[in-house]
Protein chains: 2
Amino acid sequence: MRPTVKDVAKLAGVSPKTVSNVINGIVFVRPETRARVESALAELDYVPNMSARGLRNGRTGMIALALPDLLRPYSAEIVHLVVELAHERGWGVQIEQTAAEPKREFELLSKARAYLVDGLILNPVNLDDSAVLSAGPLPPLVLIGDVDQDLVSQVAIDNVAAARDLTQHLLDRGCRRIAVVGTPEVPRGSSGAGVLAGSSAGEPGTAASRLRTAGYREALAAAGIPVDPALEISLDRWRPEGAATVVGKYLTEHELPDAFFCFTDSMAAGALSALWSAGVRVPEQTLVAGFDNILESQFMIPPLTTIDFDRREFVAAALDLLGERMADKAAPPRRVMVPHRVIERASTAR
Amino acid sequence: MRPTVKDVAKLAGVSPKTVSNVINGIVFVRPETRARVESALAELDYVPNMSARGLRNGRTGMIALALPDLLRPYSAEIVHLVVELAHERGWGVQIEQTAAEPKREFELLSKARAYLVDGLILNPVNLDDSAVLSAGPLPPLVLIGDVDQDLVSQVAIDNVAAARDLTQHLLDRGCRRIAVVGTPEVPRGSSGAGVLAGSSAGEPGTAASRLRTAGYREALAAAGIPVDPALEISLDRWRPEGAATVVGKYLTEHELPDAFFCFTDSMAAGALSALWSAGVRVPEQTLVAGFDNILESQFMIPPLTTIDFDRREFVAAALDLLGERMADKAAPPRRVMVPHRVIERASTAR
DNA sequence: TTGAAAGCGTTACCAC
DNA sequence: GTGGTAACGCTTTCAA
């Protein structure tokens, strides 16, 4: 049987309380006693029972990270950083995936308390204000990515501005017919403000796709170019295979656009592949750009122009905000915006 | 305050035990009573406290997955599948990263009990027989990937055979000078049997790199081609940027080999990029192959020849083995080998 | 400074 | 079938 504080106390000839004091190192313990306890700890190879500790003081030292699709390289980067930075703060990380089952997001909100976690970082897909409200008493929560709400803390980048900047980058290079890959399945109004309720379930990045579409259209409008629905290529799941398929099909049915702006880098990889298969040369015949600046982007052929932001800063901010909420549940929600920038690479060189 | 079984019991006019019976749905409960309890459950929005449950019955319903480097696309695929398949079994998943800190592997072994988990799936890097032995009483444990040991359950592919098969594939296409990317930093004997102790710390994939190197050499030997140390390009961290750097440098210092066999697909991406930058055409001037068949491989330019294995089967086997160990700690360790195959794509087309 | 005892929320044992 | 009660391992009052 594994040893408990009682066993340690007995071996050291002290009470459980003293052992607890030594372990948590808060109260002053006579050095001699401390030494005796510590050697007993070592001898028995004592390891505290986290369930008992969690039950007693209401905290487990664990947080949950919920992402729509763990397969995306972007997800891997987020998971990597959250695990690394949370570990520095002494927190363990439990991972959840939400895209497969839309209602899982709500379950997590309403039942996070059950999931053995002290807090939750959620990249929402189907979430809006009313959903957040109706979930009842929330666990300490930070949203990463875009939702139109002010009820809970959030860290995000300005998706509209980023998409506008990247579109402008393409316009600056003389592109007029700019295709976008990854727009929502069902076209909506351009601004998207307030029309969140009823967003179709199961689409990863629905919120992001709306905002990036909006930014794209804004840039076109500013340049006096009308929106051409034929250039807005929708895609339900943001995976490279989908992008390859849809771009490949597009090429057979339409005239080659001046550029393809893909809403994620991994979709851009699919697009580049489809273009290569069709014998279209990038950047000579058409330009390609992505979004996220994943690790792989600089090794694509050609290297990919994309939107970059400091992912470490992004995740650190999320953990900071979560720490605030965990320390004080009544703290006012905060929103942190992380700056972005266009990374120019060969895929849009002119 | 959040409701407990007691509150539910009071509201339903029954005892806590009955509530527990209803929740766990095992014992026969009178339908009428059951209905009363269930409506009380719903009314109070009862959520069980996992810490208490864990304390009481010794299980938390959580497993841990420990991988060397979460940034690798391969890791993302494993995390994705483990989370998905574990969830089907009602288990939560806690994620750990080991490469940054070698001793973390041992910590996990010896302290997994503390980490609030019922079992552990570990992709080992610096682990050998003696380490496993000396860790003392182990938690239910399954190793994924290669270690020379028979003490704990393990699921793996035959790395030696896979590397041999892929090398043979290149030989079949007329290659004689085949470079490998990702060999261990310090060259070792070819078989690698038994020389695990003291494996240098901090190298992701040390075990895998030894075995893949062995398979490569076996194929060369069978073809009567002597090993050329200059063709064995070592790399400490299996990341694309390292591969791009090392291959780029290689091209300036050596004659172009007939082929590059990279020990992971993501390194192959880096290699393809370096070759493209140097103006070397693939497959016209040299062939490139990888290992793992990550999602991105088929969208590389050109699409990448690689080693594939059924990742879902691989992960399902790991969870099955873990389930066995969790159910019966005395169960004999088992080893599952998952078959592999060479996927031929354009990067090695002749 | 240290010891004794209570209690966190659950489930299992044993009566009824 | 269902209700009391004890116990899981820890920390935190309160006393000594």
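Note: hydrogens, waters and symmetry copies are ignored here, and every other heavy atom, side chains too, is used. Below, read A as the first sequence line, B as the second, and so on, with proteins coming before strands; counting in each chain starts at 1.
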One should read off an interatomic distance between B:Ile23 CD1 and B:Tyr46 OH, to the nearest 0.5 angstrom, of 4.0 Å
Here the gap from A:Lys10 atom NZ to A:Thr4 atom OG1, rounded to the nearest 0.5 Å, amounts to 8.0 Å
Practice item. Give the C-alpha distance, both sets of side-chain angles, the deciding distance and a yes or no for salt bridge (charged side-chain N to carboxylate O under 4.0 Å, His left out) between B:Asp320 and B:Arg89. Key: CA-CA 10 Å; B:Asp320 285 343; B:Arg89 287 156 213 244; 2.7 Å; yes
Between CE of B:Met50 and C1' of C:dC8 the distance, given in whole Å, is 17 Å
Rounded to whole Å, the CZ-C1' distance (A:Arg59 to C:dG9) equals 17 Å
Interatomic distance, CE@A:Met326 vs CG@A:Leu321, rounded to 0.5 Å, equals 12.5 Å
A:Arg59 atom CZ: more than 12 heavy-atom contacts under 6.0 Å: no
Whole-Å distance, B:Arg36 CZ to D:dG1 C1', equals 12 Å
B/S/- along nucleotides 10-16 of chain C (protein heavy atoms under 4.0 Å) is BBBB---
From CG of A:Asn21 across to P of D:dT11 the rounded distance in Å is 10 Å
(Q) So, does B:Thr18 get its side chain near the phosphate of D:dG3, meaning an N or O under 4.0 Å from OP1 or OP2? (A) yes
In whole angstroms, the gap separating C1' of C:dT2 from CZ of A:Arg30 amounts to 9 Å
Ranking B:Thr33 and B:Leu55 by the position along DNA chain D of their nearest nucleotide, the one closer to 5' is B:Thr33
Rounded to the nearest 0.5 Å, the CZ atom of A:Arg53 sits from the OG atom of A:Ser20 at a distance of 7.5 Å
